[in-house]
Each structure stands twice: as structure tokens, then as C-alpha cells.
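Presented below is the structure to which this report refers.
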Amino acid sequence: MGNGLVWTWVHLDKENKPKAVGISFTETALTGLPTEKPDNGMDGYEFTLSLPKEASVLPFDHVAVDWNPKGHIPPGIYDVPHFDFHFYMCSTNVRKKIVLDSQDMKRCQKQPPAECLPEGYIYAPQSEIKYMGAHWVDLSSPEFNGKPFTHTFIYGSYDGKVVFMEPMVTLSYLLTKPSVSAPIKQPRKVQKQGFYYPSSYSVTYDEVRKEYTIALGDFVKR
């Protein structure tokens with residue numbers, strides 16, 4: 001990614017319970033990135049990553065890092081250079097079917113049961129994205145309450161199912177070399193049962209290794 005490397009990892013304890021799962025990338029990955037949107041109609045550039053087989057105790061199938069050089073909608077909120085870190089709970093084959101034609105748009109706009117999304121999250125208008133699905137935002141997040149967007153947490157859905165969890169982080173915030181963690185709001189129910197779900201996420205920089213990490217942690221089996 002850019003002039004560097006990006007990879008996924010998972011940490012398990014001695015009982016094979018997850019302690020953390022995440023995406024790490026070298027400091028150099030933030031240089032050499034495209035500065036303009038791609039010419040395929042998308043807002044950004046995707047780097048699709050598999051997960052270690054040991055991550056099978058989690059609901060996630062794979063991860064995608066999306067670099068958005070001009071941000072995306074809504075204007076005045078997310079229209080700044082930033083990364084979307086998608087932890088997908090569906091396969092890449094399912095994602096390929098999200099094409100947003102007239103019939104598929106109906107599937108994309110089909111909402112999951114209310115109890116499967118955290119309280120306070122709303123379906124973001126016109127947030128249906130090809131190969132991703134629809135996006136849900138938390139209106140209590142700082143960026144919707146007069147503060148600048150630095151990092152936030154999004155849920156995504158398709159065909160009535162929650163299909164991804166997504167930390168979003170701006171380039172400018174990453175360049176401050178942060179060390180921050182935040183809770184993940186939880187739904188009352190989950191559709192993929194029997195897995196460990198994260199209840200927090202973190203954004204950190206390692207001065208020794210010169211690496212950034214986006215991690216999910218504090219898992220609860222549901």
C-alpha cells in the first residue's frame with residue numbers, strides 16, 4: 001500500500017480465545033498514495049486482505065482497506081482524505097454481487113432487524129456503495145456534533161444482514177501518531193451467532209517499529 005506494506009493479524013490466548021485482530025501497516029504506506037479519485041466511479045482504492053486461519057473464531061471473512069484521497073459523502077463531514085478499514089462478515093463472492101442495479105438496490109436497501117444494529121445508528125442516506133453495501137452512522141459521534149472528523153466507527157448492511165464493521169480514520173489524524181481506543185456500540189442481537197465480537201477498537205502508532213495498527217479487541221462470545 002503506497003510505498004509500504006499492509007497486513008492482517010490475530011492474537012489468541014492459550015485457550016484460542018481472541019485477544020485482538022487488526023490491520024498493521026508501515027509508516028511508508030502513507031506515502032506514495034494516489035491523490036485523485038480512481039476513474040472507475042468509486043471514491044477510493046481498495047486493498048483486499050485475507051485473515052489468518054486462526055481468526056475463524058471471529059465473524060469476519062476478510063478485510064479491506066479503502067484509501068479515499070478526496071473522502072466521500074456527506075460533504076462537510078467525511079470529505080477529507082481518510083481510510084476505511086472494513087472488517088467484512090461476508091465473502092468476496094457476495095460482495096461482487098453488490099452492483100446497485102435496480103434489482104440489487106432493493107437488496108442493498110433492505111434493512112436488518114433493528115435489534116441487530118446499535119441504538120443510535122441510522123441508515124445513512126445515499127450511502128449504498130458498489131461491492132460494499134449500505135452504511136450506518138452514529139449521530140452521537142463527534143463529527144456530527146460540531147467537531148472535526150478524526151476517527152469513527154461505522155456498521156454496514158446488505159440484503160437485510162449486517163455485513164461489515166468499519167473503523168474510519170483520517171490521514172491527518174494518523175500523521176499525529178496517535179494512541180487511542182474507543183468503545184464499539186453493541187447491538188442487542190447478532191445474526192452470525194457463536195462467534196467472538198469486539199467491543200472496542202484502537203488506533204496506535206509504534207515509534208520503534210514505525211508501524212500503525214488498527215485493532216479490534218475486548219471480545220465477547222455471542
Side-chain angles (χ1 to χ4, degrees), residues 1-10 21-53 55 58-75 77-101 104-105 107-109 124 126-137 149-159 161-175 198 201 203 211-216:
M1 185 171 72
N3 292 327
L5 300 173
V6 58
W7 63 94
T8 61
W9 50 266
V10 62
V21 64
I23 304 160
S24 294
F25 48 94
T26 57
E27 186 177 66
T28 52
L30 297 184
T31 62
L33 292 165
T35 58
E36 299 296 330
K37 291 185 178 183
D39 56 10
N40 60 3
M42 303 292 283
D43 286 316
Y45 302 81
E46 180 173 294
F47 302 87
T48 306
L49 306 168
S50 61
L51 285 164
K53 67 181 188 304
L58 306 174
F60 308 119
D61 180 85
H62 67 284
V63 172
V65 179
D66 292 271
W67 160 241
N68 304 286
K70 300 293 185 180
H72 52 64
I73 61 168
I77 304 291
Y78 296 137
D79 56 351
V80 295
H82 71 270
F83 289 91
D84 298 339
F85 299 98
H86 290 89
F87 289 78
Y88 281 102
M89 293 183 277
C90 63
S91 68
T92 54
N93 287 333
V94 169
R95 292 181 57 207
K96 289 176 183 178
K97 298 175 182 178
I98 307 176
V99 294
L100 304 187
D101 58 20
D104 183 64
M105 182 62 82
R107 288 190 288 270
C108 197
Q109 293 176 336
Q126 299 179 328
S127 68
E128 305 88 2
I129 304 295
K130 193 174 183 180
Y131 307 135
M132 294 183 191
H135 292 67
W136 296 72
V137 297
F149 163 45
T150 55
H151 63 94
T152 195
F153 200 88
I154 307 290
Y155 278 83
S157 66
Y158 177 70
D159 198 20
K161 297 181 177 65
V162 176
V163 293
F164 63 78
M165 301 172 73
E166 177 196 347
M168 288 182 10
V169 187
T170 66
L171 174 61
S172 61
Y173 187 67
L174 286 171
L175 293 176
Y201 75 100
V203 182
E211 293 171 0
Y212 292 90
T213 290
I214 313 298
L216 307 182

Kindly indicate whether the side chain of [X], heavy atoms from C-beta on, has any atom under 4.5 Å from the side chain of [Y].
X: Val169; Y: Phe85; answer: yes
X: His62; Y: Thr92; answer: yes
X: Met42; Y: Ile129; answer: yes
X: Trp9; Y: Ser24; answer: yes
X: Pro81; Y: Leu33; answer: no
X: Met165; Y: Pro198; answer: yes
X: Arg95; Y: Cys90; answer: yes

Review point. Step by step, would you call Asp61 with Ser91 a side chain to side chain donor-acceptor pair (under 3.5 Å)?
Key: CA-CA 6 Å; Asp61 180 85; Ser91 68; 5.5 Å; no
Point to revise | Gap separating the NE2 atom of His72 from the CD1 atom of Ile77, nearest 0.5 angstrom | key: 11.5 Å
Study note, to complete from the structure: To the nearest 0.5 Å, atom CD1 of Ile98 lies from atom CE of Met105 at 11.0 Å
Exercise for review: Report yes or no: is the cationic atom of Arg107 (NZ for Lys, CZ for Arg) closer than 6.0 Å to the six-membered ring centre of Tyr158, at no more than 45° off its axis?
Suggested key: no
Check your understanding: Would you call the rings of Phe164 and His86 parallel, tilted or perpendicular, where under 30° means parallel and over 60° means perpendicular?
Key -> perpendicular
Practice item. Look at the aromatic rings of Tyr155 and Phe153 and report parallel, tilted or perpendicular, splitting at 30° and 60°. Key: perpendicular
Compile the donor-acceptor pairs under 3.5 Å between side chains in residues 130-137 and protein atoms, sequence neighbours left out, one pair per line.
{"residue": "His135", "atom": "ND1", "partner": "Ser127", "partner atom": "O", "Å": "2.9"}
{"residue": "Trp136", "atom": "NE1", "partner": "Ser157", "partner atom": "OG", "Å": "2.8"}

Would you find a donor on one side and an acceptor on the other, under 3.5 Å apart, between the side chain of [X] and the backbone of [Y]?
X: Asp79; Y: Pro75; value: no
X: Asp84; Y: Asp66; value: no
X: Tyr212; Y: Leu174; value: yes
X: Thr8; Y: Ser50; value: yes
X: Asn68; Y: Lys70; value: no
X: Trp67; Y: Pro34; value: yes

Check your understanding: Please walk me through it: do Tyr173 and Val80 pass side-chain contact (heavy atoms from CB on, under 4.5 Å)?
Key -> CA-CA 11 Å; Tyr173 187 67; Val80 295; over 6 Å; no
Review point. Closest heavy-atom contact between Thr26 and Gly4?
Key: OG1-CA, 3.3 Å
Study note, to complete from the structure: Between Pro38 and Gly44 the two heavy atoms that sit nearest each other are CG-O, 3.3 Å
Does the ring centre of [Y] sit less than 6.0 Å away from the ring centre of [X]?
X: Tyr201; Y: His151; result: yes
X: Tyr78; Y: Phe149; result: yes
X: Phe47; Y: Tyr45; result: no

Practice item. Run the salt-bridge test on Lys37 and Asp43 with the 4.0 Å N-O cut-off and return the result as yes or no. Key: yes
Practice item. Could you please spell out the steps behind the side-chain contact (heavy atoms from CB on, under 4.5 Å) verdict for Tyr88 and Val94? Key: CA-CA 10 Å; Tyr88 281 102; Val94 169; over 6 Å; no
Point to revise | side-chain contact (heavy atoms from CB on, under 4.5 Å) against Val6, all qualifying residues, sequence neighbours excluded | key: Met1, Ile23, Phe25, Leu49, Val65
